[in-house]
Amino acid sequence: MLNQLILFSLLVLTFGCLALAYEPKPLQDFCVADPNSSVKVNGVTCKNPMQVQADDFFFSGLHLRGNTSNPLGSRVTPVFATQLPGINTLGISMVRIDYAPWGLNPPHTHPRATEILTVLEGSLQVGFVTSNPGNRFITKVLQKGDVFVFPVGLVHFQRNIGKGYAVVIAALSSQNPGAITIANSVFGANPPIPRDILAKAFQVDTSVVDQLQAKF
Ligand SMILES: *[C@@H]1O[C@H](CO)[C@@H](O)[C@H](O)[C@H]1NC(C)=O
Ligand SMILES: *[C@@H]1O[C@H](CO)[C@@H](O)[C@H](O)[C@H]1NC(C)=O
């Protein structure tokens with residue numbers, strides 16, 4: 001009896017925590033986002049279900065190549081709740097990522113989502129880093145048809161290592177995964193993080209910090 005009680009408590013603890021760590025389970029068939037509502041909730045309020053149309057569950061455009069003419073040579077085309085209102089409350093979303101030759105989707109994290117991607121064209125080096133204190137770098141070269149997963153919250157990147165162009169489709173376990181690009185958030189904060197803080201954190205001279213902040 002005592003053993004069963006302990007087992008039950010462990011199960012409640014384990015699965016109770018898991019449920020809290022991810023987006024809440026929907027309490028209805030759908031909750032199509034109503035972008036016009038002024039009510040602030042966790043997510044977006046629901047459109048009247050009687051006014052919901054097939055187009056609320058539809059997005060067109062992932063056949064289009066993203067514009068990679070930028071310093072990084074990559075472009076993310078998102079399909080989040082903003083682009084596809086029917087995704088609201090469902091805990092899922094999708095992106096297309098295009099890469100010019102040697103294009104980089106720079107180190108970043110998704111605070112709310114695990115990401116799984118598959119390569120449609122090209123060859124990519126991908127990687128992520130485990131959390132402190134190990135900070136183990138886990139990396140792999142992917143070819144067309146390969147699938148790789150980036151666990152929630154970890155810093156990760158993809159780089160095109162082919163001579164040609166590369167494209168992936170990725171799914172994320174949030175309707176609004178969020179993205180924190182490391183370089184931008186650290187050196188491009190607005191207003192800036194004080195340079196002496198960054199100089200100490202990165203163990204470099206403040207002039208190096210000035211140089212980096214000027215770039216973002
Ligand atoms: C939001 O408001 C705009 C302008 O009034 C309207 O055209 C649009 O259909 C509304 N969207 C929804 C989902 O109700
Ligand atoms: C791609 O982006 C660049 C830089 O913003 C811009 O100059 C160019 O016109 C864009 N190309 C297309 C096809 O939209």
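We count ligands from 1, going down the list as the structure has it; atoms in each ligand are counted the same way.
Heavy-atom contacts from other residues, nucleotides or ligands closer than 6.0 Å to CG of L27 number 12 or fewer.
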Note down each nitrogen or oxygen pair, ligand 2 side and protein side, whose separation is under 3.5 Å; give only atom names and the distance to 0.1 Å.
residue, atom, partner, partner atom, Å
ligand 2, 2 (O), N67, OD1, 3.3
ligand 2, 2 (O), N67, ND2, 2.3
ligand 2, 11 (N), N67, ND2, 2.8
ligand 2, 14 (O), N67, ND2, 3.4

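Interatomic distance, CG of N160 versus CG of L124, reported as 6.0 Å (0.5 Å rounding). Atom CD1 of I161 and atom CH2 of W102 lie 6.5 Å apart (nearest 0.5 Å).
Ring centroid separation for the pair F57 and F30 comes in under the 6.0 Å cut-off.
Across all non-hydrogen atoms, the minimal contact from L198 to F187 is CD1-CD2, 3.9 Å.
Ion pairing of R96 with D98 is present here, as a side-chain N (NZ or NE/NH1/NH2) and a carboxylate O approach within less than 4.0 Å.
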